[in-house]
Structure formats: structure tokens, C-alpha cells
Amino acid sequence: MNLEEIDKEFVLHSYGRGYVNFIKGENATLFSEDGTDYIDFASGVGVCSVGHGNKRLADAICEQAKNLLHVSNLWVIEPQALLAKRVVELSGYDMRLFFANSGAEANEGALKIARKYGQLNFDKKRYKVITLENSFHGRTITTVKATGQEKMHTPNFSPYPDGFKHVESIDDIYLNIDDETVAVMIELVQGEGGVEPFKKDEIQNLAKILKSKGLLLIVDEVQTGVYRSGEFLASNYYEIEPDIITLAKGLGGGLPIGAVMTNLKDIFEPGDHGSTFGGNYLVTRGAGVVLDILEQEYKDRAIAKRVELFNENLERLAASLPELFSSTVGLGLMRGLRANSSEIQAQVIKEAFDNRVILLKAGRNTVRFLPPLTISEDEIVEGFKRLEVALSKVGV
Ligand SMILES: *Cc1c(COP(=O)(O)O)cnc(C)c1O
């Protein structure tokens with residue numbers, strides 16, 4: 001059996017996956033088995049924030065693996081405590097953290113925090129969380145239900161937990177707050193929903209109104225967090241102070257780690273929440289190095305320069321192809337091209353791949369770009385050069 005046959009025989013078919021076998025990576029360049037090089041504008045869906053084959057990250061992981069991988073959360077874990085301190089300090093918020101293994105698990109933690117807050121702080125229990133129709137919050141039964149996209153709520157997995165209300169827009173949030181509402185959960189830039197940023201004043205107003213009512217603002221920064229927006233958190237860019245923030249994708253640079261942080265610093269007591277693997281030595285040591293690298297690049301304005309160069313190239317490409325794209329969208333190094341149809345979107349991604357550029361799709365016919373935050377100037381320029389050639393082959 002070849003690799004494709006083995007995969008299809010033994011792995012459940014929950015992904016529509018491609019069968020190129022990548023065997024090596026260097027920053028934003030991936031190499032397949034036959035030696036073909038690809039410019040990676042996807043970074044494993046925003047995960048490989050410090051690129052592929054990052055030596056500092058790899059060395060730290062190796063060194064840690066030779067000493068300790070895991071002792072369980074029954075003991076204090078030095079790199080976990082230090083990482084929590086780092087994340088809180090970089091965020092600028094007065095918060096505490098819990099480490100999970102994924103975005104969905106971080107969001108589950110956020111929902112538990114909100115529910116406990118709703119149980120303890122009101123005469124009549126509050127437990128409903130309002131989310132948006134184009135949102136994406138994960139794949140567990142609860143986070144699938146938190147996700148507003150109706151197509152995700154298939155009867156195949158029902159019944160779903162109670163307590164979610166999906167609304168179309170931020171204005172509709174206000175109309176749907178009732179005496180059981182405890183929180184609003186929102187992505188500041190909707191990732192899967194089409195790399196769609198909200199307006200700053202709209203978000204600031206939402207934060208203000210929720211605060212005045214004693215309701216919680218949960219910001220899902222699983223995709224936008226850890227410098228993806230150009231700032232450490234998109235919440236920093238929007239200049240708001242959420243009550244709960246979740247992180248995952250870029251935090252570990254490829255290590256499976258998620259986190260939920262909150263200003264409700266005493267919400268949990270021992271026994272309220274837990275995770276066997278969450279925050280173990282390996283992932284928190286690695287994530288600490290990811291933050292060391294990215295904080296330095298942020299301070300040196302290297303990330304800002306990449307954002308600028310990427311933006312110039314994206315704008316030029318979009319402007320030169322009005323028959324394919326209506327606009328550019330996104331923030332920082334989380335960007336998109338709005339295709340004029342879903343057929344164009346699919347063709348663009350396919351032609352790009354055939355010309356050795358990896359892109360992603362997202363909702364609203366969006367072609368999505370999530371390059372490593374460390375992508376080099378040469379890789380950006382080369383990627384767009386290849387794209388230009390690829391897109392000349394897309395027919396309308
Ligand atoms: C990817 C993503 C999730 C889910 O993260 P997993 O690690 O796949 O569980 C949740 N929210 C947002 C905004 C995401 O982009």
C-alpha cells in the first residue's frame with residue numbers, strides 16, 4: 001500500500017485532504033517528498049507562527065524532552081507558570097490563565113468560566129451565551145453549538161447543549177440580551193467566517209455596554225492571537241478589555257497548546273476544571289520560546305514590516321484582477337481576497353497550489369492567507385510572483 005492508501009484505509013475520513021507528502025520545512029517554505037518547494041501562505045492554518053524547522057524552537061523542545069515531558073498538573077510546572085506570567089504581561093491585562101490542548105478546549109474553558117459566573121453573580125441563574133452566525137468556535141459538541149453557522153448543527157450529532165443564541169450582527173446582540181444572558185463570545189476578525197474584521201468603534205461599544213450590564217465579553221483569539229493581528233492580541237489592537245480571552249493556534253508554533261485567560265481571577269476552585277496534558281513541560285517550554293522569538297520581532301518592527309510588504313503585494317494583486325476579486329480583507333498577517341464566486345475561490349486555490357503556493361479557503365468566498373509571522377521578504381515576494389502566474393490561468 002502507498003501512503004495515500006494506508007491513510008484512506010486506517011484514518012477516519014473526516015477531512016477532505018490532499019495527498020502531497022511534505023517531509024521538510026524551512027521558515028515559510030515546505031518541501032515535498034519529490035523535492036518540490038512550496039511557499040506556505042497557510043502555516044498549517046495559522047499554527048506555525050515561527051515558521052517550519054525553527055531551530056531555536058526545535059532545540060528547546062529537544063532539550064526539554066531529554067529532561068521532563070510531563071509530571072501532571074498535580075505538581076507545579078515551572079515552564080507553565082513562567083509562560084502564564086509571560087502571556088499575561090504581554091497582554092497588558094490583569095488576568096490568570098488555564099492551559100488546554102486546543103482552541104476548542106480553550107473555548108470550553110471559557111464557557112465554563114462564564115457559566116460559573118452566571119450561576120454565582122445573579123439572583124436568577126444566567127447561562128446563555130450569544131455568538132454570531134458567521135462565527136467559528138470549534139468542533140466539540142459544545143463549541144460546534146457555540147459556532148453560529150447553521151450548517152454545523154447537523155442532526156447527526158444532536159442533541160446539542162442548551163444555552164446558545166446566534167445572531168446576525170453586533171446590533172442584533174443588543175436585541176437578544178435577556179435575563180438569562182451571561183456573555184457574548186466573538187472573534188474580532190472572523191477567521192473561518194471569511195477573515196472579516198469588525199469595526200473598532202462597534203467592538204468598543206459592545207465592550208462598554210456589556211460591562212455596564214455586568215455581562216461578560218469572551219474574545220475567541222484562537223486564530224487572531226499571538227501577533228497574528230500585528231499586535232500581541234487583536235484585543236490590544238481594538239483597545240478593549242475583554243473578561244475572557246482564548247488562544248491556541250499560533251501560541252505553540254506547532255505544539256498543541258491552548259489557553260483561556262480571564263480577569264475573573266478567582267473563578268475556579270480545585271476540582272472545577274482540568275486537563276491531563278494541558279500545560280505540560282514540553283508545550284509550555286516550546287511556547288515560551290515562540291513568545292521570545294515573536295516578542296523580539298515585534299519590538300524590532302520586523303512583523304510590522306512584513307505586514308506592510310504583504311499588504312502591498314495583496315493590494316496590487318487584487319487591483320490587477322477585478323474580474324476575480326472584489327476586495328482585500330483582514331488584519332495584520334491574517335488576510336484574505338474576496339473572490340467573485342465560489343468557483344473562482346476554488347480555482348484560485350487549486351491553480352496556486354499547482355504553481356507551488358499554499359493558500360486556504362474561508363467563508364464568504366474568501367481566499368485566506370495566514371503566513372508564518374517570520375516569513376522572509378524573499379518568500380513573500382516569491383510567493384506573490386508565483387501567484388501572479390498561477391492566477392493568469394484562472395478563467396472567469
Ligand atoms: C481554529 C479555531 C478554533 C478551534 O481550534 P481547535 O484547536 O481546532 O480546536 C476555535 N476558534 C477559532 C476562532 C479558530 O480559528
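Residue indices begin at 1 and follow the sequence shown. The analysis underlying the following values was restricted to heavy atoms, covering all of them including side chains, and did not include hydrogens, waters or symmetry mates. Whatever order the structure lists them in is the order used to number ligands and atoms, beginning at 1.
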Under 3.5 Å: N or O atoms of ligand 1 paired with protein N or O:
residue, atom, partner, partner atom, Å
ligand 1, 7 (O), Gly103, N, 2.8
ligand 1, 9 (O), Gly103, N, 3.4
ligand 1, 9 (O), Ala104, N, 2.7
ligand 1, 11 (N), Phe136, O, 3.3
ligand 1, 11 (N), Asp220, OD1, 3.4
ligand 1, 11 (N), Asp220, OD2, 2.7
ligand 1, 15 (O), Gln223, NE2, 2.7
ligand 1, 15 (O), Lys249, NZ, 2.6

Verify whether the ring centers belonging to Phe310 and Phe41 lie closer than 6.0 Å.
-> yes

Decide whether a cation-pi geometry holds between Lys199 and Tyr238; the criteria are a distance under 6.0 Å from NZ or CZ to the six-membered ring centre and an angle within 45° of the ring axis.
-> no

Could you identify which residues cluster with Phe136, counting Ile, Leu, Val, Met, Phe, Trp and Tyr as linked when any side-chain heavy atoms lie under 4.5 Å apart, either directly or through a chain of such contacts?
-> Ile141, Val144, Met152, Phe157, Tyr160

List, by chain and then residue number, the residues other than Tyr281 in its hydrophobic cluster (Ile/Leu/Val/Met/Phe/Trp/Tyr, side-chain heavy atoms under 4.5 Å); write none if there are no others.
-> Leu68, Val71, Leu74, Trp75, Ile77

Restricting to pairs with a member in residues 306-319, which pass side-chain hydrogen bond (donor to acceptor under 3.5 Å, both in side chains), not counting sequence neighbours?
-> Glu297-Arg306, Asn311-Arg335, Asn313-Arg316, Glu315-Thr328, Arg316-Glu388

Measure from NZ or CZ of Lys200 to the centre of the six-membered ring of Tyr237, then state whether that distance is under 6.0 Å and the direction lies within 45° of the axis.
-> yes

